[in-house]
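Below is one structure; the comments refer to it alone.
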Amino acid sequence: MPLDLANPDLYTSEARFTMWHEYVQADAKVWSDPGLSPSGFWSVFSHRDVSSVLSPKAPFTSEHGMMIGFDAEHPDNSGGRMLVVSEGDWHATLKRLIGPFLSRLRAPELQSVLHREVRDVIDRLRSEDSTDIAVSVGPRLPAAIVCEVIGVPLSEREHLIDLTNHAFGGEESSFDRMTPAEAHTEILFYFHELIERRRRQPGSDLVSALLEDGRLSVDDVLVNCDNVLIGGNETTRHSITGAFHAFQAFPGTLDALHDDPDLAKPAVEEVVRWTSPAAHVLRVATADCEIGGQEILKGQPVVAWLSAANRDERLFPDPHRFLPNRAPNRHLGFGNGPHHCLGAALARLELHALLRELAVDARGVELAGDVRWMRSNLVQGYSGLEVTMDWR
Ligand code: HEM
């Protein structure tokens with residue numbers, strides 16, 4: 001029986017790294033029959049194959065869906081409307097509208113939110129004997145920044161952050177007052193209501209800008225806010241949590257960052273490579289083509305495993321090692337090509353602020369329990385990371 005790479009159980013232990021290593025070394029192209037993913041899919045793993053599937057000229061589209069679960073009979077109904085599952089002119093239009101809200105130029109405005117949230121995180125860590133980073137730390141910064149971008153009023157943030165924790169915390173998380181699906185529905189209701197408010201009273205936020213443009217229906221505004229919310233939350237929280245995991249697994253890293261604050265910049269890239277929270281992206285072939293010698297037929301889905309490519313030792317010597325000054329570091333953590341992460345600048349800003357400030361106060365991280373990985377083929381992340389901190 002061939003392996004169904006959609007099976008989320010394959011990703012709940014570090015055995016996945018051995019599996020990916022074998023596939024990368026063999027330059028494998030693996031077909032998973034229809035099963036958990038109704039149309040089946042090809043998988044590619046090496047840095048070269050993943051880059052070619054995602055390259056701007058490759059004959060692939062996101063418009064029918066961009067993750068495992070793709071069903072040719074029932075394609076993603078946000079296709080052609082939501083940024084990440086749009087192509088061509090509409091994709092370019094959305095990028096032009098949404099991009100400025102996620103760009104580096106927003107850094108000065110976001111600095112105070114970043115600083116406040118990082119200080120809160122450090123104060124919290126200092127006040128507790130041990131802390132589950134995946135629950136109390138990882139989600140804070142990304143959720144606060146996304147609320148700021150979308151324009152969620154301060155008084156409603158805790159409510160939305162609580163909903164995002166339930167929606168994106170994973171099936172087995174301690175956020176258990178509602179299911180992820182229920183929480184996500186609540187978020188959409190919330191956005192609907194926020195859109196109505198911004199229609200009556202525009203502000204300087206993303207919702208108001210999308211409405212003001214005039215080309216987007218209320219539903220289009222809703223799905224694109226959801227895109228930014230998911231993009232900003234589902235991934236960054238695990239990079240932040242994973243940074244603590246890296247500091248535990250590679251003692252001395254925080255000291256190195258303390259002694260040379262400029263190391264934070266390359267270390268941020270290494271955090272994204274080493275954690276690779278977006279495990280895969282899916283594309284559908286728009287023409288018969290060939291990837292690394294494998295024939296792909298028009299209409300077939302191909303899964304590009306970013307997390308495997310980011311540990312390809314042809315590009316990253318000693319790939320399982322966290323090297324804060326790794327150079328070059330051409331990781332694919334933010335994807336590649338036209339859909340390259342639009343929030344990459346914000347994610348870098350968040351990680352940079354955290355690394356810089358944490359290294360001032362903290363010397364080391366120790367595990368206070370088992371690392372618990374999420375049961376997901378899409379997000380390589382943590383459902384639990386209980387740690388104790390060693391302070392300077
Ligand atoms: C797209 C990863 C943070 C918003 C993507 C893609 C990846 C990715 C791999 C490409 C999807 C594809 O090719 O189909 C990450 C990682 C992050 C991160 C690893 C953190 C470490 C963020 C943040 C935001 C964001 C903070 C916004 C606040 C988006 C959006 C897209 C996207 C809007 C769609 C871009 C497009 O289709 O043109 N992200 N992301 N991401 N991300 Fe991120």
Side-chain angles (χ1 to χ4, degrees), residues 50-51 53-56 58 60-68 70 76 78-88 90-104 106 110 113-114 138-139 141-150 152 164 168 206 210 223-243 268-284 301-307 309-310 331-354 378-381:
V50 167
S51 306
V53 169
L54 300 181
S55 95
F60 288 102
T61 178
S62 296
E63 248 178 353
H64 310 299
M66 50 69 71
M67 58 194 186
I68 289 179
F70 168 75
D76 189 329
S78 315
R81 295 194 299 139
M82 185 199 256
L83 179 68
V84 76
V85 283
S86 298
E87 301 289 2
W90 186 239
H91 179 243
T93 300
L94 289 172
K95 242 172 130 164
R96 268 197 300 275
L97 283 170
I98 300 172
F101 286 87
L102 309 181
S103 95
R104 265 204 78 75
R106 303 266 343 253
L110 296 172
V113 185
L114 274 173
L141 210 51
I145 292 293
V146 165
C147 284
E148 190 72 22
V149 166
I150 292 178
V152 175
T164 54
F168 309 122
L206 177 65
L210 293 178
V223 291
N224 283 291
C225 286
D226 200 29
N227 191 167
V228 171
L229 180 85
I230 295 173
N233 273 293
E234 210 174 27
T235 46
T236 323
R237 60 170 59 208
H238 298 295
S239 274
I240 290 174
T241 305
V268 163
E269 299 310 314
E270 184 68 342
V271 168
V272 178
R273 181 195 74 86
W274 196 77
T275 58
S276 264
H280 78 258
V281 294
L282 177 145
R283 298 289 187 266
V284 175
V302 177
V303 167
W305 290 94
L306 306 172
S307 46
N310 277 343
H331 68 76
L332 297 170
F334 290 123
N336 187 36
H339 290 279
H340 181 273
C341 178
L342 202 58
L346 284 190
R348 288 181 167 124
L349 220 55
E350 292 176 37
L351 286 163
H352 193 262
L354 179 78
L378 178 67
V379 178
Q380 171 167 241

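In what follows, residues are counted from 1 in the order of the sequence shown. Computation of the quantities below employed the complete heavy-atom set of this structure, encompassing side-chain atoms and omitting hydrogens, waters and symmetry-equivalent molecules. Counting starts at 1 for both ligands and their atoms, following the listed order.
- Each of Met66, Glu87, Lys95 was checked for a side chain to side chain contact (heavy atoms under 4.5 Å, CB included) with His339, and the lone residue meeting it is Glu87.
- If you run side chain to side chain contact (heavy atoms under 4.5 Å, CB included) between Pro142 and each of Thr164, Asn233, Leu229, only Asn233 comes through.
- Between the side chain of Asn336 and the main chain of Leu332, no donor-acceptor pair closer than 3.5 Å is present.
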Please tabulate, one line per pair, the protein nitrogen or oxygen atoms found under 3.5 angstrom from a nitrogen or oxygen of ligand 1, with distances to 0.1 Å, or say none if there are no such pairs.
unit_1, atom_1, unit_2, atom_2, d
ligand 1, 13 (O), Arg283, NH2, 2.6
ligand 1, 14 (O), Arg283, NH1, 3.1
ligand 1, 14 (O), Arg283, NH2, 3.2
ligand 1, 37 (O), His339, ND1, 2.6
ligand 1, 38 (O), His91, NE2, 2.7
ligand 1, 41 (N), Gly231, O, 3.2

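- In this structure, Leu97 CG and Asn224 CG are separated by 9.0 Å, a value rounded to the nearest 0.5 Å.
- Of the possible polar contacts, one joining the Trp90 side chain to the Arg81 backbone as a donor-acceptor pair under 3.5 Å is found.
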Table please: side-chain donor-acceptor pairs of residues 340-350 below 3.5 Å, with sequence neighbours left out.
unit_1, atom_1, unit_2, atom_2, d
Arg348, NE, Glu269, OE2, 2.7
Arg348, NH2, Glu269, OE1, 3.1

